[in-house]
There are 2 protein chains.
Amino acid sequence: MKTFAWKYISDQIYKEINEGRYLEGQKLPTENEYSLRFGVNRHTIRRALNELIRKSYIYSRKGSGFYVSEKKTIHFINQRPRFTKSLIASGDTPLTKIIRLEYIKPNEEEAKNLKIKKEEMVIFLEGIGYRNNTPICIYKKIFPSNRIPGLMASFKKNSSISKALFDSGIKDYIRSYSIISSKLTNHVEAFLLKCNQGEPLICTKNLNVNNKKEPIEFGYTLFMGSRVEIYIENN
Amino acid sequence: MKTFAWKYISDQIYKEINEGRYLEGQKLPTENEYSLRFGVNRHTIRRALNELIRKSYIYSRKGSGFYVSEKKTIHFINQRPRFTKSLIASGDTPLTKIIRLEYIKPNEEEAKNLKIKKEEMVIFLEGIGYRNNTPICIYKKIFPSNRIPGLMASFKKNSSISKALFDSGIKDYIRSYSIISSKLTNHVEAFLLKCNQGEPLICTKNLNVNNKKEPIEFGYTLFMGSRVEIYIENN
DNA sequence: CCAAATAACTAGACAACTAGACAAATTATA
DNA sequence: TATAATTTGTCTAGTTGTCTAGTTATTTGG
């Protein structure tokens, strides 16, 4: 049995990362530099680095370089889900950027979950969640606007989603259920998450209800597998 | 299929313009602002914006910014249509490029409109109309050559269509009727008009007659919806 | 053990993207 | 009005991503 160059190099670089030679988020040497150092072709270096990407120890940015991955964000799924708070608690700077906000017609599943008629227009909200300026998820949320008067205006005024809900009278809400699945990023998701096409995603689908148990939000979230892990709390 | 950042961004900005978020002539966000918003380098933004300039949805002013292009208003006159003159009058540089000129057999509608036999050969002329070096329309015209002696030779000599008609004895003509409809560009039209496939077109079909009320031209024109608006005068 | 097939590796070209510098034109400010 | 700041235009250079093609090394199967 023979150890191949790419495997040796991959292990070697990983060892150096593990030794703490490079901090989280720090840039690694370029392909070219590694190529000179190990005396192999650039493509062999790429293979070694791609192996580390596959294991999500590092990630790459086109035209820029390879970087050491940061620790995964833990996303808690429990009764009272709050993206921002869960991140603040873990000492990270959260941010969520809305990229789409409009009225649409719900599909069958959405209408059924929200307990409204298929013809009733709903608020569609799409955004990207960040941690330390790195995108970690794409979320899509459907709100029954008829049940929450003034919500659209509130979204346009507020940057925080839960604050917008609060302003519209939703003082509290709890999660009714969550479904978790997985898939690979398509080209659009890859762009939005600034990753390569074909990376694994953790997909959640969930329903939030108010204290009268009326559905107020049906949402989908795509978490980047390499940057997030989901923690399910039972209490 | 793979989406590049510049393509995604270009499409996104175009969508926002098309939604009416920015009015004609209005300034777009700066390269820097877009760069922060999309999280890419300024040069990638430039590439996206240059794509929109190429399709003349926007234009730029050095040291100032990027602006949404203004539509050209075409006065669709019932009486004396003249592409060249109407553009000169509005202070633009006119140009029309003939891309096809030959004898063909007319179809039923054309023969009927021109009041000739189906077997009688006619002159088929196809061209592209420009404003400021940007294509704004594709036109196809059918002329009953038997009724206008020497017209083909005249077309080959002259660059202006109305001048060619004038030289062939058509000193004056008026529009008999026009029909306006709409459709989306196919890939050939998109290529000729240097725009995306699926852009809306304003389609006109019309008949011109001489002072003896004999039909002398049956024509189709496809105006690019995003670059042109048609003004119809009733008097 | 040999031949064929497969995987590893080299080599090069080109595109997409990042990065920074500086010029030229415009706009805001003192 | 003069100056500073902003913004687009144009460079050069470097890095990753994706191809294609060809060579060498290893494994596989008879």
Side-chain angles (χ1 to χ4, degrees), chain A residues 1-13 17 22 25-69 133-135 184-199 226, chain B residues 1-13 17 22 25-69:
Chain A
M1 177 71 183
K2 155 132 190 162
T3 49
F4 299 110
W6 68 267
K7 178 67 178 151
Y8 171 82
I9 293 166
S10 178
D11 288 347
Q12 190 60 34
I13 295 173
I17 292 168
Y22 308 102
Q26 194 175 330
K27 190 173 179 301
L28 293 174
T30 65
E31 290 176 350
N32 207 13
E33 285 166 337
Y34 274 133
S35 173
L36 289 170
R37 170 180 158 195
F38 288 105
V40 295
N41 191 272
R42 182 187 151 223
H43 292 84
T44 308
I45 297 296
R46 282 186 66 71
R47 174 143 191 202
L49 291 171
N50 278 322
E51 180 67 10
L52 296 180
I53 288 178
R54 202 181 59 75
K55 294 177 183 158
S56 65
Y57 298 143
I58 64 172
Y59 63 94
S60 69
R61 282 181 43 209
K62 190 188 232 175
S64 178
F66 290 85
Y67 300 83
V68 180
S69 294
N133 294 321
T134 310
L184 301 179
T185 49
N186 63 29
H187 61 278
V188 176
E189 290 153 0
F191 170 75
L192 293 174
L193 291 170
K194 300 213 179 307
C195 68
N196 291 324
Q197 197 170 338
E199 286 213 28
S226 62
Chain B
M1 167 80 181
K2 165 115 193 173
T3 302
F4 300 113
W6 67 267
K7 177 68 177 148
Y8 173 87
I9 293 166
S10 177
D11 289 349
Q12 192 61 35
I13 295 174
I17 292 170
Y22 307 101
Q26 194 175 331
K27 189 172 181 299
L28 293 174
T30 65
E31 290 176 350
N32 208 10
E33 285 166 334
Y34 274 133
S35 172
L36 288 171
R37 170 179 158 196
F38 288 106
V40 297
N41 193 273
R42 182 185 150 225
H43 293 84
T44 308
I45 297 297
R46 283 187 65 72
R47 174 145 193 206
L49 291 171
N50 278 322
E51 178 68 8
L52 296 180
I53 288 176
R54 197 182 64 74
K55 292 174 183 161
S56 63
Y57 299 141
I58 65 172
Y59 62 92
S60 68
R61 281 179 46 210
K62 188 175 187 176
S64 176
F66 290 84
Y67 299 84
V68 179
S69 294

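Heavy atoms only: backbone and side chains are in, while hydrogens, waters and symmetry mates are out. As the structure is a computational prediction, the values presented were derived from the model and not from experiment. Numbered from 1 within each chain, the chains take letters A, B, ... in sequence-line order.
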In whole angstroms, the gap separating P of C/dC17 from CH2 of B/Trp6 amounts to 8 Å
Exercise. Using modelled atom types only, decide if a donor and an acceptor are shared between the side chain of B/Thr3 and the backbone of A/Val188 within a distance under 3.5 Å.
Key: no
note: A/Tyr67, atom OH; D/dT16, atom C1'; distance rounded to Å ~ 10 Å
Of C/dA16, D/dT15, C/dT18, the nucleotide closest to the side chain of A/Thr30 is D/dT15
Under 4.0 angstrom, heavy atoms only, what part of the nucleic acid is A/Arg47 near: base, sugar-phosphate, or nothing? sugar-phosphate
Here the residues of residues 56-64 of chain B within 4.0 Å heavy-atom distance, strictly under, of DNA chain C are B/Arg61, B/Lys62, B/Gly63, B/Ser64
Is there a donor N/O on one and an acceptor N/O on the other, under 3.5 Å, for the side chain of B/His43 and the base of D/dG9?
-> no
To the nearest angstrom, the CG-P distance between A/Leu52 and D/dT16 comes to 14 Å
Cationic N near anionic O, under 4.0 Å, B/Glu51 to B/Lys55: yes
Atom CG of B/Leu28 and atom C1' of D/dT8 are separated, to the nearest Å, by 13 Å
Side-chain atoms of A/Phe4 come closest, of C/dA16, D/dT8, C/dC9, to C/dC9
To the nearest angstrom, the CD-P distance between B/Glu31 and C/dA19 comes to 15 Å
Using atom types as modelled and distance alone, determine if a side-chain donor or acceptor of A/Ser60 lies under 3.5 Å from a backbone N or O of A/Gly65.
no
OH (B/Tyr67) and CD1 (B/Ile58) are apart, to the nearest 0.5 Å, by 11.5 Å
A/Phe66 CZ to D/dG14 P, in whole Å, measures 18 Å
Heavy atoms of A/Leu184 and A/Glu189 approach each other most closely as O-OE1, 3.8 Å
- request: Classify the nucleic acid contact of A/Arg42 as base, sugar-phosphate or nothing, counting any heavy atom under 4.0 Å across all strands shown.
  value: base
A/Asn41 CG to D/dT23 C1', in whole Å, measures 12 Å
Rounded to whole Å, NZ of A/Lys194 lies from C1' of C/dT18 at a distance of 12 Å
When rounded to the nearest 0.5 Å, the distance separating CG of A/Leu28 from CD of A/Glu33 is 10.0 Å
| Using the ring of each side chain (for Trp, its six-membered ring), is B/Phe38 parallel, tilted or perpendicular to A/Phe191, with breaks at 30° and 60°? | tilted
Q: Report yes if a side-chain nitrogen or oxygen of B/Thr44 is closer than 4.0 Å to either non-bridging phosphate oxygen (OP1 or OP2) of C/dT18; otherwise report no.
A: yes
